[in-house]
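Note that the structure is a prediction, hence the values are computed from the model and not measured. Along the sequence shown, residues are numbered consecutively beginning with 1.
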Amino acid sequence: MTIKAAILGFGTVGQGVYQILQTKRDHLTKLAGAPIELCGILVENLSKERELPYSVFVTDQYEQILAQQPDVIFEAIVGEEPGFSYLTKAIDQHIHVITANKVMFANHGNHLLTQAGERVGIGYEATTAAGTPILGTITRLLQVNSITKVEAILNGTSNYILSSIQSEGRSFQDALEEAQKRGFAEADPTNDIKGYDAFYKLMILSQLIYRKQPSWETVLCEGIDQITADQFINAQQQGSKIRHIASIEVVNGKLNASVKPQVLPPSHGLYPVDGVDNAIHLIGDLVGPLTLRGAGAGQLPTASAMVEDFLYILQSYPVKQHI
Ligand SMILES: NC(=O)c1ccc[n+]([C@@H]2O[C@H](COP(=O)([O-])OP(=O)(O)OC[C@H]3O[C@@H](n4cnc5c(N)ncnc54)[C@H](OP(=O)(O)O)[C@@H]3O)[C@@H](O)[C@H]2O)c1
């Protein structure tokens, strides 16, 4: 008897999932109650060299993945499509899905959750702060609490650049190049430094916490690329730090959200967060203020969140086992 899993996308995150399924095989088998069989990997470019045994089925045809009848699909492709269409088809076939794809999930998460209903599990912890378990924690809190306000550092690249400028006196360009050299920033860093990446994550948080998103065009979205040298100097002179903050709260019954650089005094819960970390500071009506901090990107932290979701789904939903 086995549990069949497929991986869509075999870049940084997909390879991380593969690595965890291999290195934790015995442990996962024990927790899942049966061995996990990797029944296929979907890629875009079949001619790329991959470090995979010949026994692993690799294809560029999604229909061939579905033909394997997986129980669970890990999705780690970039962009809205084809991820959304692929997951829609999977849910139609009662396949549980776990995604790291924030652009897709910010746009279509609500649709997928509604489509899945109670029958199919959807894991999306990895979309919002990679390995930092903010969605799981919020889900638990929401059983008893109302969350009145959220402020978060959701983009590790921006936080790394701001930290380097302020603590090491680097220029913006120099800090960005260092982030790229160290593998934190993409070759095209637009989504990070313009604030779009944090925006998508904030919309996913909004959907979870408030069961809706504000109209996207009403949300101020500013990145870190327009901060002036004077603004950095002023913040430093006040003993404060500039940080890129995504925030959301309910004001007069309406969702008020923004993504922008803000000056934080030392008393602020997010003030100590330097480097590539992500962090969320929230206020629950019963728990009060709470801050969670950790890795907001990276191969193993992101893949860890996906495999954690995988186990949760196996433990919460009936999964047919293949003989
Ligand atoms: N990297 C992180 O730290 C991180 C953290 C949190 C969330 N995420 C999210 O995780 C997802 C994957 O990120 P990544 O960093 O792993 O990206 P990546 O390294 O660029 O890998 C993307 C993978 O998707 C495959 N792919 C692209 N288009 C496809 C298509 N049309 N059909 C099938 N496969 C396709 C690519 O195939 P080829 O190999 O053939 O090119 C590649 O294997 C993204 O949505 C990202 O936002 C990433």
Between [Y] and [X], is there a side-chain heavy-atom distance shorter than 4.5 Å?
X: R243; Y: Q166; answer: yes
X: F310; Y: M306; answer: no
X: M203; Y: P214; answer: yes
X: V120; Y: Y317; answer: no
X: L21; Y: F74; answer: yes
X: L112; Y: T99; answer: no
X: I280; Y: I138; answer: yes
X: V103; Y: F84; answer: no

At what distance, to the nearest 0.5 angstrom, does [atom1] of [X] lie from [atom2] of [Y]?
X: I98; Y: I7; atom1: CD1; atom2: CD1; result: 10.5 Å
X: T128; Y: L154; atom1: OG1; atom2: CG; result: 7.5 Å
X: Q236; Y: N234; atom1: CD; atom2: CG; result: 10.5 Å
X: E178; Y: Y160; atom1: CD; atom2: OH; result: 4.0 Å
X: D309; Y: I122; atom1: CG; atom2: CD1; result: 10.5 Å
X: Q93; Y: Q69; atom1: CD; atom2: CD; result: 8.5 Å

Just do the side-chain contact (heavy atoms from CB on, under 4.5 Å) check on I224 and N155 with the steps written out, would you? CA-CA 11 Å; I224 59 165; N155 185 261; over 6 Å; no
Quick check: does any side chain N or O of [X] sit under 3.5 Å from a backbone N or O of [Y], one acting as donor and the other as acceptor?
X: Q299; Y: A303; result: no
X: T132; Y: A295; result: yes
X: N45; Y: S47; result: yes
X: E125; Y: G136; result: yes
X: Q213; Y: S206; result: no
X: N101; Y: G79; result: yes
X: H244; Y: E222; result: yes
X: N191; Y: Y196; result: no
X: N159; Y: I153; result: no
X: K241; Y: Y271; result: yes

Mind running side-chain contact (heavy atoms from CB on, under 4.5 Å) on V276 and R182 for me, showing each step along the way? CA-CA 11 Å; V276 288; R182 297 181 65 171; over 6 Å; no
Between D197 and K201, is there a side-chain N and carboxylate O pair less than 4.0 Å apart? yes
Is it true that E177 and R170 make a salt bridge, defined as a side-chain N closer than 4.0 Å to a carboxylate O? no
Which atom names give the shortest non-hydrogen contact between [X] and [Y], and what distance separates them?
X: V263; Y: S240; value: CG1-CB, 3.5 Å
X: F199; Y: C221; value: CB-SG, 4.0 Å
X: A116; Y: I91; value: CA-CG2, 3.7 Å
X: A235; Y: I242; value: CB-CG1, 3.8 Å
X: L292; Y: P133; value: CD1-O, 4.0 Å
X: A305; Y: A130; value: CB-O, 3.3 Å

Exercise answer: donor-acceptor pairs, residues 55-62 side-chain atoms, under 3.5 Å, sequence neighbours excluded:
from: T59; atom 1: OG1; to: Q61; atom 2: N; distance (Å): 2.9
from: T59; atom 1: OG1; to: Q64; atom 2: OE1; distance (Å): 2.8
from: Y62; atom 1: OH; to: Y86; atom 2: O; distance (Å): 2.7

Enclosure of R50 CZ (heavy-atom neighbours >12, cutoff 6.0 Å): yes
Can you tell me if OH on Y312 sees more than 12 non-hydrogen neighbours from other groups inside 6.0 Å? no
Those residues that, when tested against K212, pass salt bridge (charged side-chain N to carboxylate O under 4.0 Å, His left out) (two or more places apart): none
With sequence neighbours excluded, tell me which residues meet salt bridge (charged side-chain N to carboxylate O under 4.0 Å, His left out) with K260. none
Determine, stepwise, if the pair R293 / H281 fulfils side-chain contact (heavy atoms from CB on, under 4.5 Å). CA-CA 9 Å; R293 170 180 177 173; H281 180 69; over 6 Å; no
Take I161 and D192 through the test side-chain contact (heavy atoms from CB on, under 4.5 Å) and record every step on the way to the result. CA-CA 10 Å; I161 292 171; D192 295 326; over 6 Å; no
Identify the residue among [options] that makes a side-chain contact (heavy atoms from CB on, under 4.5 Å) with [X].
X: F10; options: E51, Q15, E44; answer: Q15
X: S146; options: V250, D285, I283, I209; answer: D285
X: I95; options: D71, I73, I65; answer: I73

Do [X] and [Y] share a hydrophobic cluster (ILVMFWY, side-chain heavy atoms under 4.5 Å, transitive)?
X: L142; Y: L290; answer: yes
X: I193; Y: I165; answer: yes
X: L141; Y: L205; answer: yes
X: L311; Y: V17; answer: yes
X: L8; Y: L52; answer: no

Pair H268-E151, side-chain donor/acceptor within less than 3.5 Å: yes
Under a 3.5 Å cutoff, is there a donor and acceptor pairing between the side chains of T190 and D188? yes
